[in-house]
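Given the structure is predicted, the values throughout are model-derived calculations rather than measurements.
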Amino acid sequence: MSGAVSMLKPTAKNPATSPELIDALVSSVQAKRAQALELLKAAVAEFPAITFANSYGAEDMVLTDLIAKEQLPIEIFSLDTGRLPAETYTLMADVENTYTIKPMVFFPRHEAVENYVRTQGINAFYESIELRKACCHMRKVEPLQRALSGKQAWITGMRAEQATTRSNLPTREYDAGNKLEKFNPLSDWTEKEVWAYIRMFSVPYNDLHDQFYPSIGCAPCTRAVAMGEDIRAGRWWWEDPTNKECGLHVKK
């Protein structure tokens, strides 16, 4: 028909974020939640000066929910790199409102960022691994070091199946780089279990996950992935997958 308007179809929603909550999956999540809670309580008892690094990914939202609802005496902090997606900032506000908590936020040193941009360029991280790692260091690694200063242990939301660089990830390890104990309570969780928890307990999460962003970091270094593609494929997609870490979790 002349003059008819063709409407765009809505973007498909990522089915991974809404798994079918069958009995076996629910039971598995409940059991693993109990195990994670036991580990966190033991960690707090052994290391009173403990903190949780929340990057606002799906896994970290599981731990945020667990820590907040169980009122565990664990500090929560995040790293604001200055280049996060708008959806991440929206989630940060949602977390404050949902759990009535205010996680600590650490920013990069402005002198380092200004010098990098002036000498290398605003998007120099695309040019080489060295420049990308330099950007990650000033925006993530150095702020993390400040966040962990004076702590005895820290907690992450890492899972073993997330990447080849994280295979055989233990639930507890010594972080030689930061010289303190490190706990990974979700190490053996599957992606389906993470999302089942989020649905079962009505946990807020980043809207980008529904748009096929399984792993979310800085906006320029994160993209959506195709169905069946590796869950870390959207991070630094121009690099070798065996080397794709920002430096926060690299073993020495």
Task: Glu38: partners by side-chain hydrogen bond (donor to acceptor under 3.5 Å, both in side chains), with sequence neighbours left out - done: none
Task: Residues Glu239, Lys133; criterion salt bridge (Lys or Arg N to Asp or Glu O under 4.0 Å); working and verdict - done: CA-CA 11 Å; Glu239 294 182 9; Lys133 287 187 174 181; over 6 Å; no
TODO: Go through the structure and list residues passing side-chain hydrogen bond (donor to acceptor under 3.5 Å, both in side chains) with Thr64, not counting sequence neighbours.
DONE: Asn54
Open item on the list: Parallel, tilted or perpendicular: which one describes the rings of Tyr197 and Trp189, with boundaries at 30° and 60°?
Closed with: tilted
- [ ] Any chance you could lay out the side chain to side chain contact (heavy atoms under 4.5 Å, CB included) test for Glu173 and Asn184, step after step, and finish with the verdict?
- [x] CA-CA 8 Å; Glu173 59 186 323; Asn184 310 302; 2.9 Å; yes
Please set out all donor-acceptor pairs under 3.5 angstrom arising from side-chain atoms of residues 97-105, sequence neighbours excluded.
from   : atom 1 : to    : atom 2 : distance (Å)
Asn97  : ND2    : Ala93 : O      : 3.2
Thr98  : OG1    : Asp94 : O      : 2.8
Tyr99  : OH     : Asp65 : OD1    : 2.8
Lys102 : NZ     : Glu96 : OE1    : 3.2

Task: Test log, rule salt bridge (Lys or Arg N to Asp or Glu O under 4.0 Å), inputs Arg159 and Glu193 - done: CA-CA 11 Å; Arg159 294 185 298 111; Glu193 288 169 336; over 6 Å; no
Task: Partners passing salt bridge (charged side-chain N to carboxylate O under 4.0 Å, His left out) against Glu75 (at least two apart in sequence or in another chain) - done: Lys151
Open item on the list: Using modelled atom types and a 3.5 Å cut-off, is there a donor and acceptor pairing between side-chain atoms of Tyr56 and backbone atoms of Tyr89?
Closed with: no
Task: Donor-acceptor under 3.5 Å (Ser187 side chain, Leu169 main chain) - done: yes
Open item on the list: We want to know whether Asn123 and Arg83 form a side-chain donor-acceptor pair, criterion being a heavy-atom distance below 3.5 angstrom.
Closed with: yes
- [ ] Kindly say whether Ala86 contributes a backbone atom to a donor-acceptor pair with the side chain of Thr90 at under 3.5 angstrom?
- [x] yes
- [ ] I would like to know whether Met61 and Leu91 meet side chain to side chain contact (heavy atoms under 4.5 Å, CB included); could you show each step before the answer?
- [x] CA-CA 10 Å; Met61 288 311 305; Leu91 178 58; 4.1 Å; yes
Open item on the list: Is it the case that atom NZ in Lys69 sees more than 12 heavy atoms from other parts of the structure closer than 6.0 Å?
Closed with: yes
Task: Co-membership, hydrophobic cluster, residues Ile216 and Val194, 4.5 Å side-chain - done: no
Please set out all donor-acceptor pairs under 3.5 angstrom arising from side-chain atoms of residues 201-209, sequence neighbours excluded.
from   : atom 1 : to     : atom 2 : distance (Å)
Tyr205 : OH     : Arg199 : NH2    : 2.9
Tyr205 : OH     : Asp210 : OD1    : 3.3
Tyr205 : OH     : Asp210 : OD2    : 2.8
Asn206 : OD1    : Leu208 : N      : 2.9
Asn206 : ND2    : Thr88  : OG1    : 3.1
His209 : ND1    : Tyr213 : O      : 2.7
His209 : NE2    : Ala58  : N      : 3.3

Open item on the list: Between Tyr126 (side chain only) and Trp238 (backbone N and O only), is there a donor and an acceptor less than 3.5 Å apart?
Closed with: no
TODO: For the residue pair Thr222 and Pro85, establish whether any side-chain heavy-atom pair is separated by less than 4.5 Å.
DONE: no
- [ ] Taking Glu161 for its side chain and Glu191 for its backbone only, find out whether a donor-acceptor pair lies under 3.5 Å.
- [x] yes
Open item on the list: Under the rule for side chain to side chain contact (heavy atoms under 4.5 Å, CB included), what residues qualify as partners of Ala53, not counting sequence neighbours?
Closed with: Phe77, Trp154
Task: Donor-acceptor pair, side chain of Glu59 and main chain of Met158, under 3.5 angstrom - done: no
Task: Verify same cluster id: Phe47, Leu180 (apolar side-chain graph, 4.5 Å) - done: no
Open item on the list: Any side-chain to backbone donor/acceptor pair from Asp80 onto Gly82? Under 3.5 Å, distance only.
Closed with: yes
Open item on the list: How long is the straight-line distance from CZ of Phe52 back to CG of Leu72, given to the nearest 0.5 Å?
Closed with: 11.5 Å
Open item on the list: Quick one, Glu111 and Asn115 - any side-chain contact, counting heavy atoms below 4.5 Å?
Closed with: no
